[in-house]
Every structure is written in structure tokens, then in C-alpha cells.
Amino acid sequence: GAGVSQTPSNKVTEKGKYVELRCDPISGHTALYWYRQSLGQGPEFLIYFQGTGAADDSGLPNDRFFAVRPEGSVSTLKIQRTERGDSAVYLCASSPSGDRYYEQYFGPGTRLTVT
Amino acid sequence: AQSVTQLGSHVSVSEGALVLLRCNYSSSVPPYLFWYVQYPNQGLQLLLKYTSAATLVKGINGFEAEFKKSETSFHLTKPSAHMRDAAEYFCAVSSNTGNQFYFGTGTSLTVIP
């Protein structure tokens, strides 16, 4: 079946601009995660959704970052007033409910470059 | 909070040799431990997971890992390396609530023909 997809695959934007990154999880997966992966680092947790609600947003670095999942499926990560330090690969993962809730399936990521 | 440390950001082995990638977790026993692999330009793929059912965990592609509480370790091994094993490997741990996952900084595996 289809895996997790993310669009766009690459995004170049100017400092100060607003960007939206989209994640389409695997159909039926109730949990959705956003991570940020900087060069040479492992993925860094940003936010976790269970259904439509953000169950844990403690990883969001500041109030310029916001994410939504209005219908419990597709999620959008929104970054306002982008800074050069926001440049990274943004990863999305989804996981099923029940006993396998910890099995995350990752998308290929969106590479964000802020110039 | 939980954390993992991966010793060695780069590991090189000859084709056919043993692969050993090291991971140590923070002192409290986590609910779950994982190893992921990331091939160039691809998403992370789950290799194996520890869920307290068994200390020796077998994963895909011939990899396995052993949970050792006394050493707070979860090292990844494979008896014989293949060229296709060249990739970035990440160790990860779940939070005590199981809602957050913390990744190590990764180990890049190079396989020399």
C-alpha cells in the first residue's frame, strides 16, 4: 500500500517568509509525528498528533512553528517568519493504533532551505 | 528524559565482516528501543525493535540487537556485511509514556569491497 508522503520534497524560501509543509500519513494510522533533522544529526521530535488533536507539542522550538491535522489524516506544519536556522529536513511519520502504536513509518522528508 | 548515545559517527567494515554499531541508552529502562536505517534520499526504515519481550531481537536484512540492562546498551550487529548495507543507522528510544521518540546522532556505515 501507499506509504507516508510529504510535499514538497524541496522548498527554498527567503528569510522572513511563511512556509507550509504537508504530510499524508498511511491510511488508517491515527498517530502522526513531525521531526526535524539537521545535517549530521538524528531526527528531533517536534509534535505528535493522536487523531485531530496535538497530544504533545513540547518539541516545537518556538511560536513561529505550528501544526494542524484538522480531519485526523493530512497534517500541515507551518513556519512563520522563517530564519536561516530553520533550514533542515522535516520528517513526518505515522503509526497505527493498538499494540503497534510505536511502529513509526517515515516519509521521505521535505528539505527546507532558508536563504 | 530518555536519550541515546551512538558511539562512532562513521564505521567502515569489509564486505563479509562483522558489523557492530553501538548504542547506549540513558539509565532508566525505556519502554521501547529501536534501530532505523536510512538509505540515501530515502525515509527512515524500521530495522528492529525491543519491547521487553526478548532481549535478543532479530530484524530485517539479517540484523539483530541485544538489550543488555547491565550495560545500558542496545548494540546492532550483523555477522556478514553486504555492500547494500551501506547507509545511515539510527538508534532511538521511546519516552516513558511512549508518546515521544528520541534519536541518536546516527552512524554512517561504509562497506568496503
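A note on names: the letters A, B, ... follow the listed sequences, proteins ahead of strands, and every chain is numbered from 1.
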Could you see if [X] belongs to whatever hydrophobic cluster contains [Y]? Use Ile, Leu, Val, Met, Phe, Trp, Tyr and a side-chain cutoff under 4.5 Å.
| X | Y | answer |
| --- | --- | --- |
| B:V111 | B:V11 | yes |
| B:F90 | A:L46 | no |
| A:F106 | A:I26 | no |
| B:V37 | B:I60 | yes |
| A:V4 | A:F45 | no |

Completion exercise
Okay, B:L44 and chain A: the region with an atom under 4.5 Å from a heavy atom over there is both

Exercise for the section: Please indicate whether B:L56 has more than 12 foreign heavy atoms, meaning atoms of other residues, nucleotides or ligands, lying under 6.0 Å from its CG. Expected result: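 Counting neighbours around CG of B:L56, more than 12 heavy atoms of other residues, nucleotides or ligands fall under 6.0 Å, so yes.
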
Problem - More than 12 heavy atoms from other groups under 6.0 Å of CZ on A:F66 - result: no

Enumerate, by atom name, each donor-acceptor pair separated by under 3.5 Å where one atom lies in chain B and the other in chain A.
{"from": "B:K49", "atom 1": "NZ", "to": "A:E103", "atom 2": "OE2", "distance (Å)": "3.1"}
{"from": "B:Q100", "atom 1": "NE2", "to": "A:D56", "atom 2": "OD1", "distance (Å)": "3.4"}
{"from": "B:Q100", "atom 1": "NE2", "to": "A:D56", "atom 2": "OD2", "distance (Å)": "2.6"}
{"from": "B:Q100", "atom 1": "NE2", "to": "A:S58", "atom 2": "OG", "distance (Å)": "2.9"}

Handout entry: Heavy-atom contacts under 4.5 Å, residues 73-86 of chain B to chain A
Key =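 Those residues of residues 73-86 of chain B which would need a heavy atom under 4.5 Å from chain A do not exist here.
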
